[in-house]
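Because the structure is a prediction, the values reported are computed rather than measured. Letters go in sequence order (proteins before strands), and every chain restarts at 1.
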Amino acid sequence: MTDVSTNTSARVVTRFAPSPTGFLHIGGARTALFNWLYARAKGGKFLLRIEDTDRKRSTPEAVAAILDGLDWLGLRWDEDPLYQHTRAERHRAVVAALLEKGRAYRCYATPEELAAMRERARAEGRPPGYDGTWRDRHPSEAPEGVKPAIRFKAPREGETVIEDAVQGRVVFQNANLDDLVLLRSDGTPTYMLSVVVDDHDMGITHVIRGDDHLTNAARQSQIYDALGWQRPVFAHVPLIHGPDGAKLSKRHGALGVEAYRAMGYLPEALCNYLARLGWSHGDDEIFSMEQAIEWFDLSGIGRAPARFDFAKLANLNGHYIRGASDEVLIAHIRRGLGEFESKAELPKNLSKEEWDKLRRAMPGLKERAKTLVELLENARYLFAKRPLRLEAKAQKLLNEEARALLRALLKELETLEEWNAASLERCIKAFAEEKGLKLGKVAQPLRAALTGRTISPGIFDVLEVLGREESLARIRDRL
RNA sequence: GCCCCCUUCGUCUAGUGGUUAGGACGCCAGAUUUUCAUUCUGGAAACAGGAGUUCGAUUCUCCUAGGGGGUGCCA
């Protein structure tokens, strides 16, 4: 790790810096995606830093969930992830240097005093925050036995200007920015200090993160300046809102990416959707990540918050499912089978024969599913045991007239030599024609008998995949 | 309270002083079809409001309203 005060490298280095207190939520995933895209677009590096300075709230499970989420999305990071807590010594050293320079000081205020201070400021309509009591007080006045926190001596006059790559020029009056804590009284570094030191030491050139950090950018800039370090380019991306415009809650989308996996979304679809949410390249809607890398730039990021729209995600997902190869879909289903969430009962595992059936039915199945869960729900007829349980609509369809028709058709099918979609189509179409019926009149009862439902993939495919014995048996079950 | 950001169809967005304000999702209607889905065609649907600047504002400035974020010895 280098410690140079100027960044001489022209190479772009971005980072994703989650705090491991939970899963990788959707907003974090998009932030990671933007950082990843930008690094790849500029031929730079994308680093990962785990912000676990709050040891009490950080868990190894959360770290694993985040890494797994990034991996599933296909966002590969360069180098080993940096665990921020391992850098505490370095952080303290930087604070010592600041103290030495007179840009930081010991503060002996108690939590109670600070609370009272905030209350007073609010009541008087002044900007809240630390009032600087200990800023110029002599250390000899320090109370006995109180461990001090170290505060940053922020400039009191003038302004701090952020030239944000997304938000444009943002000006903060320094009078509104108070002296933040750099080192807690227990000697641990705070976030505000750690980010600056780590971003600097890691050579981060572009900090792309959520809008909620915009104010932090001003404070952090002051620290960069005090240290004589070059500030990175900041790009504050608007947050993602729920469908109702309110903050994203668990109810509607603030889920971990693994929840999207469980809902049957494909990572390509999620990436495409997320990239399009808040970033645009003209009217382009559907594109691969390779294409996005070619197009991506900070200038394409919008300044307004965006609402999460499941309908559009589903549409995109359907597109990617239809376009995926049968093998790829099988692989995704293998991975997700144990965790898919559905109101219907889905199998938790399949036999070799069942996998084989699923594979053969895949062309018809993937044509009509918006999620893998929906695909599997539509595939239940493949695994159902005889006699099939009929849905109400299917039951109704199989009236006396329809059964008579099936009886006649059964005779034809029993004598059929070749059992494949093409020969079955010839046979059944001829049968319908002979009876003077539209194909639908024959296909629907047949569908009901074979699948127990009124909707399914093409009926000839259903017959082929089910096979002669099973198909004929299911028809006989209804006669 | 104080500080900061945002505001084009219901939603995601294109647009950078002169356009019939475009696309996508969703919705509605129709075509194709063995069901469903796909596909195709058509349709309804937006510049938050008010002042300026300008020959001319969706585009620039200001104000208002609404929304969001921050305001921790959390990150």
Side-chain angles (χ1 to χ4, degrees), chain A residues 17-21 51-54 56-58 84 107 109-111 114-115 118 121-130 147-151 162 164 166-168 170-173 175-178 180-186 188 190-192 194-195 210-218 236 238-239 241 243 245-247 273 276-286 302-316 318-319 322 364 366-370 374 378 397 425 428-429 432 438-444 446-448 451 453-460:
Chain A
S19 57
T21 53
E51 306 225 318
D52 55 357
T53 52
D54 187 343
K56 284 182 277 294
R57 296 201 302 153
S58 303
Q84 193 161 57
C107 171
T110 64
L114 294 175
R118 267 190 291 275
R122 193 191 176 87
E124 292 168 19
R126 287 183 290 110
Y130 183 66
K147 284 193 177 164
I150 311 294
R151 283 187 185 268
I162 307 297
D164 194 274
V166 172
Q167 305 293 345
V170 184
V171 180
F172 294 86
Q173 295 305 314
N176 290 321
L177 269 15
D178 67 347
L180 61 281
V181 170
L182 298 171
L183 226 50
R184 302 187 185 93
S185 47
D186 67 359
T188 57
T190 60
Y191 161 78
M192 211 61 83
S194 303
V195 238
D211 213 348
D212 49 338
H213 287 282
L214 189 53
T215 316
N216 291 341
H236 289 94
L239 302 177
H241 287 177
K247 196 175 177 180
Y273 178 72
R276 197 65 187 71
L277 196 64
W279 174 79
S280 65
H281 179 267
D283 283 336
D284 294 302
E285 294 284 348
I286 297 179
R303 287 147 301 157
R307 299 184 187 197
F308 197 90
D309 182 8
F310 272 101
K312 190 157 182 175
L313 207 212
N315 174 274
L316 263 179
H319 172 87
R322 290 193 294 280
K366 71 184 178 190
E367 205 60 39
R368 54 208 93 212
K370 290 196 162 31
E374 194 184 336
N378 291 341
L397 199 63
E425 179 168 358
I428 294 170
K429 278 190 169 164
K438 292 188 76 172
L439 183 54
K441 277 289 182 191
V442 182
Q444 277 309 85
L446 193 52
R447 190 183 317 278
T451 69
R453 309 184 60 190
T454 55
I455 59 173
S456 84
I459 199 64
F460 310 118

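In terms of modelled atom types and a separation under 3.5 Å, the side chain of A:T21 and the main chain of A:R57 share no donor-acceptor contact. No donor-acceptor pair under 3.5 Å is formed between the side chain of A:E51 and the backbone N or O of A:Q84. A distance-only check finds a donor-acceptor pair linking the side chain of A:Q167 to the backbone of A:H236 [under 3.5 Å].
Using C1' as the reference atom, B:A46 and B:G26 are 15 Å apart when rounded to the nearest Å. Spacing of P atoms, B:G10 relative to B:A51, comes out at 24 Å, to the nearest Å. B:C47 sits 28 Å from B:A29 when the C1' atoms are compared, rounded to a whole Å.
The residue A:G210 sits apart from the nucleic acid: no heavy atom pair falls under 4.0 Å. Residue-level contact check: A:T53 touches the backbone only, with heavy atoms under 4.0 Å from sugar-phosphate atoms and none from bases. If you check every strand for non-hydrogen atoms under 4.0 Å, A:L277 touches sugar and phosphate atoms only. Using a 4.0 Å heavy-atom distance criterion, A:R453 is classed as making no nucleic acid contact. No contact: A:K438 has no heavy atom under 4.0 Å from any strand. A:P18 comes within 4.0 angstrom of no nucleic acid atom, judged by non-hydrogen atoms across all strands. Counting non-hydrogen atoms under 4.0 angstrom, A:H213 reaches a base of the nucleic acid. Using a 4.0 Å heavy-atom criterion, one finds that A:N216 contacts the bases of the nucleic acid, with or without backbone contacts as well. When heavy atoms are screened at a 4.0 angstrom cut-off, A:S185 is found touching base atoms of the nucleic acid. Looking at heavy-atom distances under 4.0 Å, A:A109 makes contact with a base. When heavy atoms are screened at a 4.0 angstrom cut-off, A:L114 is found touching base atoms of the nucleic acid.
Nearest-nucleotide positions on RNA chain B for A:G302 and A:T110 put A:G302 closer to the 5' end. With RNA chain B read from its 5' end, the first of the two nearest nucleotides for A:A306 and A:C107 is the one closest to A:A306.
For B:U19, there is no paired nucleotide, since no Watson-Crick or G-U wobble pair has both relevant distances below 3.5 Å. A 3.5 Å limit on both hydrogen-bonding distances identifies no Watson-Crick or G-U partner for B:A75. Within the shown strands, B:A65 is the pairing partner of B:U7 under the Watson-Crick or G-U definition, both distances less than 3.5 Å. Nucleotide B:U59 is matched to nothing when pairs are restricted to Watson-Crick or G-U wobble geometry with both distances under 3.5 angstrom. With a 3.5 Å ceiling on both atom-pair distances, the Watson-Crick or G-U wobble partner of B:C27 is B:G43. Pair assignment for B:C36 gives none, since no Watson-Crick or G-U wobble pairing has each distance under 3.5 Å.
Here B:C73 is the nucleotide among B:C73, B:G69, B:U38 with the atom lying nearest to any side-chain atom of A:R118. Checking B:U38, B:U34, B:G26 against the side-chain heavy atoms of A:A443 singles out B:U34 as nearest. Nearest to the side chain of A:R122, among B:C25, B:G1, B:C73, sits B:G1. Comparing atom distances between the A:R184 side chain and each of B:G67, B:G1, B:C73 picks out B:C73 as nearest. Comparing atom distances between the A:D212 side chain and each of B:U38, B:U34, B:G69 picks out B:G69 as nearest. Distance from the side chain of A:I455 is smallest for B:U35 among the nucleotides B:G69, B:U35, B:A37.
When all heavy atoms of A:V166 and A:G302 are compared, the closest pair comes out as CG1-O, 3.7 Å. Considering all non-hydrogen atoms of both residues, A:G458 and A:R368 come closest at N-NH2, 4.0 Å. When every heavy atom of A:R126 is checked against every heavy atom of A:E124, the shortest pair comes out as NE-OE1, 2.9 Å.
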Nucleotide N/O of nucleotides 19-23 of chain B paired with protein N/O under 3.5 Å:
{"unit_1": "B:G22", "atom_1": "N2", "unit_2": "A:D283", "atom_2": "OD1", "d": "2.4"}
{"unit_1": "B:G23", "atom_1": "N2", "unit_2": "A:E285", "atom_2": "OE2", "d": "2.6"}

For nucleotides 3-10 of chain B, list the nitrogen or oxygen atoms of the protein found under 3.5 Å from its nitrogen or oxygen atoms, one pair per line.
{"unit_1": "B:C5", "atom_1": "O3'", "unit_2": "A:Q167", "atom_2": "OE1", "d": "3.2"}
{"unit_1": "B:C5", "atom_1": "O2'", "unit_2": "A:Q167", "atom_2": "OE1", "d": "3.0"}

Listed pairs, N/O of protein and of nucleotides 45-48 of chain B, under 3.5 Å:
none

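Between A:F308 and A:Y273, the two ring planes are perpendicular [angle over 60°; tilted spans 30° to 60°].
A donor-acceptor pair shorter than 3.5 Å can be found between the side chains of A:R184 and A:T188. Side chains of A:S456 and A:R447: a donor on one and an acceptor on the other come within 3.5 Å.
Within the 4.5 Å cutoff, the side chain of A:L277 has no heavy atoms near those of the A:K312 side chain. Put simply, the side chain of A:T190 does not reach to within 4.5 Å of the side chain of A:T53, judged on heavy atoms.
B:C12 atom P lies 16 Å from atom CG of A:N315, rounded to whole Å. Taking atom CZ on A:F308 and atom P on B:A24, their separation rounds to 21 Å, with Å as the unit.
For A:K366, no side-chain nitrogen or oxygen approaches OP1 or OP2 of B:U38 to under 4.0 Å.
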